[in-house]
Each structure stands twice: as structure tokens, then as C-alpha cells.
Amino acid sequence: MKNISNYLTAKFAKELSQRTPSLISLRALRFFLAVKLSCNEKKTDLTTKIAKEFSQRTPSLISLRALRFFLAVKLSCNEKITYLTAEIAKEFSQRTPSLIALRTSRFFLACLAVTLISCNEKKAAETHEEEKSQTEVALTESQYKTIGIETGVVEDRNLNKIIKANGYTTVPPQNSAEVSTLIGGTVKDIFVLEGTFVNKGKVLATIQNLEVIEMQEDYHSATANIEYLQLEYNRQKTLSDENVNPRKVFQEVKAKLAAERARAQAAKNKLDALHVSTKGSTSVVPIVAPISGYVGKISIAKGAFANTGVSLFEVVDNSQMHLDLNVYEKDLGSISVGQIIDFVLTNQSNKSIKGKIFGINKSFSNESKTVAVHAKIDPQDAKGLISGMYVSANINITNATVPALPKDAVVRNADKYFVFMQEEGHAEEEQDHKAADKEAAGKAESHGNEIHFKAIEVIPGTTDLGFTEVKFVNQIPENAKIVTKGAFYLLSAMKGGGEHEH
């Protein structure tokens, strides 16, 4: 059948070649086109032959209808529009100026408009495809299982609205002591080590100073004089009452007795302050712990000279530990005494400890524009804490029910936050597209169903109990599948171009 069609086409072409160009009508060319199409001849060759037929005509015989028909043939052959417009312009250039009518000009302008619109649509389509590729990630089923992607839906969670603050652990002033000596001397013995627990009054070390012996001598001398003057006072009082001796003598004895008593008391007070006994005679002065607690830094050594007013030991009682938090000015209005806080140690974030605010400073701390907020820690939870530990705290303000996702579902890219939504029905469309390509080219390879994910911008809010409040910038479908595990991998794949290699 094909051979017969080719024979008929050749016969018809021969008939057309025997006619004069003026007798070749538009209807004959249309018939010639139909025959060529029935013979499955290549469209490009067909267009060339029709153009050749047109070139044999005189310019006056090329009508507007013929040009329209020529345009239709070009479009059916999927030729480039820019090339087609150039062909039409060439045909117009062969005419005389008198034959270029208004209708023909309108038709030419219409062709140019079609050209511009087609170009703009192509650029818009390319831009859309580029933006789409930057927000989508596709994984094969094997990649999906290997990575361990897990999905879930947005849940309504009861989360606490919090204010974040940083600070450190500390103890009240009455629970910390810097131990020094009231009198200088040479360190004789040290009885404790750093980290040792001591009770109040425990001797930490001893120093030696000969001035202590003089203090004891003064005390003993004053005590002896008091005994003598007391007897003399009693005798002079009796004589004075009987008017035997002048009252002046009695008054002198009385004054001496009072002076000796004062000297003895002063010597006793000095010895008591140095924790030295009034009995006996010694040059050793003990250094005792003023409070119960753990010995901190030891700043002396055996044989060294201990000066007055210099810290020798540090003793800290951690049983009354509390927090000093730095809160910024903008958050002060939301904080009040009695609020509960949850904090973790900066370097040990595996344990959360609770506290309660008991005081708020009324002045700023230095130039940081922060205010110190003080919180108590339960003594049971304070065990193991050391003064000076840095903490990260959440001050609980209000409690509300908000849409939330697991905190691992929210990832950050530059200054924006995203979650990944699994696109339903995309896998089926991809399979249909692959099947069509395979049928047309016979070269497509099978890689399994692809699962597509799209990055959705969100605004994160409060994070509590492992969940983060999320607000979607654009509305998403109800019960949309959101990636709850593996979002970071998808973000890395998206940054790498949004595609994966098979």
C-alpha cells in the first residue's frame, strides 16, 4: 500500500511540475499536502517542497490565504517560531509595496505577538521549574528505608510559653566563708585538704606568733593584780566606813581595781578572738572553720608566713544553693516572684532541675543591660551542684495548646526554618511519565518508585518536652505527612541541588 501511495504522489508531483506557476492553485497544494501526509513523509521535507512551490509563483499570486496556509504547515511541522516569522518576512519582501495591504500587516503583527507570548511562557515555565527544584527532594524507596525517614502529622500540644535565660549557680553570702587570721604568723601545721568536709569550729591549720605569749602574760598579770586589789579594796572600804583613813585612799584602790579588771578582760577578749586558751602559755594560734561546709581553695603552705586580712582557706556550704539568672530588660514585665523555672547545666544537659524565683534585683548589672533574678533550688536537687556552674534556664510564663511537631522535624536553612512534607500522588505521576518515556525511546531504566518531599517554611515558637510550636507561612493540606525523622538529611540533599543520583 505504501508503494502505491508513493507512486500516486510522484504522479501528482509530475502533473504539478507540467503546469505553469499561475495555474497551481491553493487547493492543489492542499491536496498535495494531504497526499504527502498519507505517505508518512517527513514533515520538514514536506515544508521544503511547499516552500519550493511558492517560490515558483509570481509575488502577485501569493495571497494572504496562501501565507496563512503556509503558517499552518510550519506549525504542524513544529518548526521554530522565530524561523517561521523570518520566512514570512522574506515572502513579504518579494512583493511590491502596493500589494502589502492593511490586512497583511495585521497578520504579520499577529505572528510577532504569538512569537513574544510563546517566548515569555517558556521563560516563566523555566523559572517555575527552577524554583520547584530548589524546594523539592526526591528519594528512591531504598534510600527512604536506608535513611530511616519517619513521618507524622501536626499535633496540638500543651506547651509552656517560656523565657530563656542564662546564669550560674551560687550560694547565699552566709553559706560561703573566706578564712583568714587576725594575727600574722608562721604556718606550723595544715590539717585539711581541698574538698574535705569540715564542721564549724574545726581547726584547719595553726600558726605561731610570740605576741600571743605576751597577751597571755598580760591576762595573767591583770588577774593577779585583781586578786590583790580586791582584798585591798575590802580593807580600805572598812577603814573608810569607820573614818579611820581618808576616803581618798579608798577611792584610789577602787580605781586601780577597775583598771586591772578592764585590762584582764581585754587580754581575755584578744585570746578568745584568736581561739587561744587563757590558761597556760603558748605561741600557737589555731585557724578554725567559721561555718560547716567543704574546704575550697587553700592559699597557704607549711612554713610560709600568713598575713592578716589575706584569705587562707575557702569554705562553702552547698546545701542552700540557688541561681543567679540574667534577664534582659524586654522580658522583665513577664517575670514575677513565685514562677517556676526549669534549668539544665550547660555542660550536662541530660538532667532538668526545677527552681522557684524568690527575688528580682531592682538595678541593672554593670553595662550588660540585664537584671539578676534569684531562684531557690530544692536541697534534694542541689546535691552534686557546685557554686559557679553555668546553666541554661527556661522561665515558665503561661501554658497553652498550640500546633507542634517533634523538634527534630524543624531544620534551619540560613535565616529561615523549614519542615519537609511528603507529596502524595507524586510517585504515581513519576511512574506514568517513566512508562511513557520507555515506550517512546526504549532506553529508560527502572529505579523503583520515587518519594517526593517539599520544603515548607515555618515560624518556630516555644520548645518544650521535645516538641516545638510551628506556624506555617502558607497553608498546608489537612493531615499532611510531615517528616519527623531525617529532616536534616533532606535539607542537605536540597542544598546539594535537590536531586539524587540513581
Side-chain angles (χ1 to χ4, degrees), residues 132 134-139 144-145 147-166 325 327-328 330-336 338-344 349-357 373 375 381 391-428 451-494:
K132 186 176 180 181
Q134 293 177 353
T135 59
E136 289 191 0
V137 181
L139 300 178
Y144 183 91
K145 293 178 181 178
I147 299 168
I149 298 291
E150 295 181 6
T151 59
V153 296
V154 180
E155 302 177 15
D156 289 333
R157 286 270 178 173
N158 191 22
L159 303 181
N160 290 321
K161 182 181 178 182
I162 61 173
I163 292 176
K164 294 184 177 294
N166 296 321
L325 303 176
V327 177
Y328 289 99
K330 64 182 179 64
D331 296 325
L332 282 178
S334 302
I335 296 177
S336 59
Q339 289 175 335
I340 303 298
I341 65 171
D342 296 296
F343 71 93
V344 294
S349 59
N350 57 340
K351 182 182 178 182
S352 178
I353 305 174
K354 289 190 177 294
K356 188 176 182 180
I357 295 177
V373 174
D381 294 331
V391 302
S392 299
N394 295 333
I395 304 174
N396 299 321
I397 305 301
T398 58
N399 190 279
T401 301
V402 294
L405 286 168
K407 62 180 182 180
D408 292 337
V410 182
V411 292
R412 181 176 180 178
N413 186 16
D415 295 331
K416 295 183 179 180
Y417 294 86
F418 296 91
V419 298
F420 284 91
M421 179 182 69
Q422 182 175 338
E423 293 186 289
E424 297 292 341
H426 207 131
E428 291 78 359
I451 304 172
H452 289 252
F453 301 91
K454 185 177 182 180
I456 306 297
E457 185 179 355
V458 297
I459 301 174
T462 301
T463 298
D464 185 31
L465 302 175
F467 284 81
T468 299
E469 176 188 0
V470 291
K471 296 179 182 178
F472 291 90
V473 176
N474 298 314
Q475 189 174 1
I476 64 169
E478 188 176 357
N479 296 325
K481 290 184 179 180
I482 306 297
V483 175
T484 58
K485 183 179 179 182
F488 181 77
Y489 176 87
L490 296 178
L491 176 64
S492 299
M494 186 179 74

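Separating the CE atom in M494 from the OH atom in Y489 is a distance of 13.5 Å, to the nearest 0.5 Å. The CE atom of M421 sits 4.0 Å away from the CD1 atom of I456 when rounded to the nearest 0.5 Å. Remark: H452 NE2 to E423 CD distance equals 7.5 Å, nearest 0.5 Å. In this structure, F453 CZ and L491 CG are separated by 14.0 Å, a value rounded to the nearest 0.5 Å. K145 NZ to I451 CD1: the interatomic distance, rounded to the nearest 0.5 Å, is 8.5 Å. Between L325 atom CG and D331 atom CG the span is 12.0 Å, to the nearest 0.5 Å.
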**Message:** side chain to side chain contact (heavy atoms under 4.5 Å, CB included), that's the test. Do F420 and V411 meet it? Break it down for me.
**Reply:** CA-CA 9 Å; F420 284 91; V411 292; 4.0 Å; yes
**Asked** Do Y417 and V470 pass the side chain to side chain contact (heavy atoms under 4.5 Å, CB included) test, and can you show the C-alpha distance, the side-chain angles, and the key distance before you say yes or no?
**Response** CA-CA 10 Å; Y417 294 86; V470 291; over 6 Å; no
**Message:** The test is side chain to side chain contact (heavy atoms under 4.5 Å, CB included); show your working for E457 and N474 and say whether it passes.
**Reply:** CA-CA 8 Å; E457 185 179 355; N474 298 314; over 6 Å; no
**Asked** Between T468 and L405, is a side chain to side chain contact (heavy atoms under 4.5 Å, CB included) present by the stated rule, with each step listed?
**Response** CA-CA 6 Å; T468 299; L405 286 168; over 6 Å; no
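What you find for R412 and D415 is that their closest heavy atoms are NH2-OD1, 3.9 Å. Across every non-hydrogen atom of P403 and V154, the tightest pair is CB-CG1, 3.7 Å. The shortest non-hydrogen separation linking F467 to P406 is CD2-N, 3.6 Å. The heavy-atom pair separating A165 from V327 by the smallest distance is CB-CG2, 4.3 Å. Closest heavy-atom contact between V137 and L490: CG2-O, 3.6 Å. Considering all non-hydrogen atoms of both residues, V483 and A487 come closest at CG1-N, 3.8 Å.
No donor-acceptor pair closer than 3.5 Å links the side chain of T462 to the backbone N or O of E469.
I162 pairs with exactly one of I395, N394, D342, I341 by the side chain to side chain contact (heavy atoms under 4.5 Å, CB included) rule, that one being N394.
Between Y328 and I163, every side-chain heavy-atom pair lies at or beyond the 4.5 Å cut-off.
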